[in-house]
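Beneath this line is the structure, given in structure tokens, with notes to follow.
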Amino acid sequence: MFVRLSRYFMPVLKETPGEAQVISHQLMLRAAMIRQTAAGIYAWLPLGKRVLANIERIVREEQDRAGAIEVLMPTIQGADLWRQSGRYDAYGPEMLRITDRHDREMLFSPTAEELFTAIFQAGAKSYRDLPRNLYQIQWKFRDEVRPRFGVLRGREFLMKDAYSFDADFAGARHSYNRMFIAYMRTFQRMGLNAIPMQADTGPIGGDLSHEFIVLAPTGESDVFYHENWLRPRDTDGVNADDAAALAGFIDGLNADYAATDEKRDLAAETACGAALKQSKGIEVGQVFYFGDKYTAPLGVTVPGPDGAPITPLMGSYGIGVSRLVGAIIEACHDDAGIVWPDAVAPFRVALINLRADDGTCTAACEKLYADFAAAGVDVLYDDRDERGGAKFATADLIGLPWQVIVGPKGLAAGVVELKRRATGERIEVPIAEVVSRI
RNA sequence: CGGGGAGUGGCGCAGUCUGGUAGCGCAUCUGCUUUGGGAGCAGAGGGCCGCAGGUUCGAAUCCUGUCUCCCCGACCA
């Protein structure tokens, strides 16, 4: 996408609003990514929307690659299904309940096990329809008592939720492992080192679960892990279709201790010795196995090969898509602003015209702008009539990976300046080479 | 939900104790000068002080109620 800042909608803030405490929240407000409309509820402005879309895209590609199938469920659901599973009462005031004009009880979905299970039941005719994994990327609502930290803990949030259905435990375990490796790849592509940790299963229930945790001082969870986790893991060579190989790989990963405080294992920590690390972390994903917790009460069965009914065994797999925006900023920023990883940046290049009133500068910028567009490089062209300092500050704040700086001094020598946001490194490059350098 | 804090131009704040008709910085608009890291000068616009009652000659300020937001804790993707 190619945008001129003078025609865009990007109301950045010079000062930090008092409502924001953590750095990602402050930067998202200042960089014009979001605006709060109520406690824990945010409007997404153009820049934030683009980052959200990039994260969504990566999540979707890795889900598809893992064999999951995308659907879209409604946000508003009837109460009946939730009564059958017993969760209508169990979920408590966190569930936002709504009554329609006919006094029917409705709710804004906080998660979707019931609906996915019911939809699967209606469509699955036999054991040949197993295994399947269905997912969606959809807004959820949980009426948190105390929303905080911006999108890290909002009430309305965008989540990828997947649900696997298998005929037996071995199959369910493989489905779980496929999501596990997909999550490793997903977070790596976003520039994050998310550590899978033994986790509590929480109100969803079940007996096998990992949380994927990004280390950050502002995280809400206390986490404990072997220092081996500090280096990223290579997942490229893993064949996710080979159940035994995949299980072996994941067992190898999990041989290094990592647990949230609810699941601490003091014996394992002692074994780590000096390699044991403790810090705070942000949960960006969680995978669960929970067997027939929903299929049994909802009466879901399919005929097996011998005609006898099989009750599918399920797992569910969440990724906090909107939370990831905040988590990435927590992990990727400096004093001047956000430092986007390439894969999620809202634009790849900030094209900075230092003298919008100078015909030579503007002509050179227009040429570069067109060249970037032709090359398919997302560029945000700062064509405003502002001084250089203001443009540099804005570009650093919004954190695009590259800045192309066009000024009269450089143009006189036939060069522009190329700055890498992450390192601050700046080099002079002949105008004709700029596009190919990026 | 327990405890604490705060609502005053778009943003950040002062004024509230000791009532007298609203101010500062930034931002915005106009003009001139400037132009490689958030420019300078001059001028201008913009606020029924969260809302509703009450006390008073007079309320941002005092009283009552109410809504909202933030922080700590408990709780959560």
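These numbers come from a predicted model, not from an experiment.
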Hey, does the side chain of [X] come within less than 4.0 Å of [N]'s phosphate (OP1/OP2), counting only N and O?
| X | N | value |
| --- | --- | --- |
| Q36(A) | C70(B) | yes |
| K14(A) | C26(B) | no |
| R323(A) | C76(B) | no |
| R142(A) | C76(B) | no |
| R153(A) | A77(B) | no |

Please confirm whether [X] makes a cation-pi placement over [Y], using NZ or CZ under 6.0 Å from the six-membered ring centre and within 45° of the ring normal.
| X | Y | value |
| --- | --- | --- |
| R97(A) | Y88(A) | yes |
| R155(A) | F141(A) | no |
| R421(A) | W402(A) | no |

If I pick the [atom1] atom on [M] and the same atom on [N], what distance separates them, to the nearest angstrom?
| N | M | atom1 | result |
| --- | --- | --- | --- |
| G37(B) | G45(B) | P | 34 Å |
| A52(B) | G38(B) | C1' | 43 Å |
| G9(B) | C26(B) | C1' | 12 Å |
| C49(B) | A60(B) | P | 6 Å |
| G4(B) | U8(B) | C1' | 22 Å |
| C63(B) | A27(B) | C1' | 38 Å |
| G15(B) | C62(B) | C1' | 16 Å |
| U56(B) | U61(B) | P | 16 Å |

Side chain of [X] only, please: which of [options] is the nearest?
| X | options | result |
| --- | --- | --- |
| E94(A) | G37(B), C69(B), C76(B) | C76(B) |
| R146(A) | C71(B), G38(B), C70(B) | C71(B) |
| E386(A) | U35(B), U28(B), C70(B) | U28(B) |
| A39(A) | C76(B), C70(B), U35(B) | C70(B) |
| V145(A) | C1(B), A77(B), U35(B) | C1(B) |

Salt-bridged, D256(A) to R233(A), with N to O below 4.0 Å?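 Looking at R233(A) together with D256(A), the answer is yes, because their closest N to O distance falls below 4.0 Å.
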Taking D378(A) first and then R348(A), would you say they form a salt bridge - that is, a charged N and a carboxylate O separated by under 4.0 Å?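 Looking at R348(A) together with D378(A), the answer is no, because their closest N to O distance does not fall below 4.0 Å.
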Heavy atoms only, 4.0 Å cut-off, all strands: where does [X] land among base, sugar-phosphate and nothing?
| X | result |
| --- | --- |
| G410(A) | base |
| K419(A) | base |
| R426(A) | base |
| D357(A) | base |
| G150(A) | nothing |
| G318(A) | nothing |
| E211(A) | nothing |
| E15(A) | base |

Check I338(A) against A31(A) and note the closest heavy-atom contact, atom names and distance.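 Closest approach of I338(A) to A31(A): CD1-CB, 4.0 Å.
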Quick one: look up who U61(B) pairs with, Watson-Crick or G-U, both distances under 3.5 Å, and put none if it's unpaired.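 For U61(B), the partner nucleotide comes out as none, under the 3.5 Å rule.
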Would you mind pulling out the nucleotide paired to A42(B), Watson-Crick or G-U wobble, both distances under 3.5 Å?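 With both distances under 3.5 Å, A42(B) matches U30(B).
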Without decimals, in angstroms, what is the distance between [X] [atom1] and [N] [atom2]?
| X | N | atom1 | atom2 | answer |
| --- | --- | --- | --- | --- |
| M10(A) | G38(B) | CE | P | 18 Å |
| L397(A) | G38(B) | CG | C1' | 11 Å |
| D358(A) | G36(B) | CG | C1' | 13 Å |
| L29(A) | C70(B) | CG | P | 11 Å |

Between the side-chain atoms of R384(A) and the base atoms of G38(B), is any donor-acceptor pair under 3.5 Å?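 No such pair is found, so the answer is no.
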Looking at T16(A) and G12(B), is any side-chain donor or acceptor paired with a base atom of the opposite kind under 3.5 Å?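 In this structure, the two groups form no donor-acceptor pair.
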Distance-only side-chain donor-acceptor flag, N133(A) / Y163(A), under 3.5 Å: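 Their side chains do not contain a donor-acceptor pair, so the 3.5 Å distance test is not met.
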Which residue lies toward the 5' end of RNA chain B, A20(A) or R30(A), if each is placed at its nearest nucleotide?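 This one resolves to R30(A).
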Most 5' of E19(A) and G154(A) on RNA chain B, judged by nearest nucleotide: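 Nearer the 5' end of the strand: E19(A).
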Are F392(A) and G36(B) stacked, counting the six-membered base ring, centres under 5.5 Å, planes under 30°?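 Whether judged by distance or by angle, F392(A) falls short somewhere, so it does not stack on the base of G36(B).
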Classify the ring geometry between W82(A) and Y91(A) as parallel (under 30°), tilted (30 to 60°) or perpendicular (over 60°).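 Correct class here is perpendicular.
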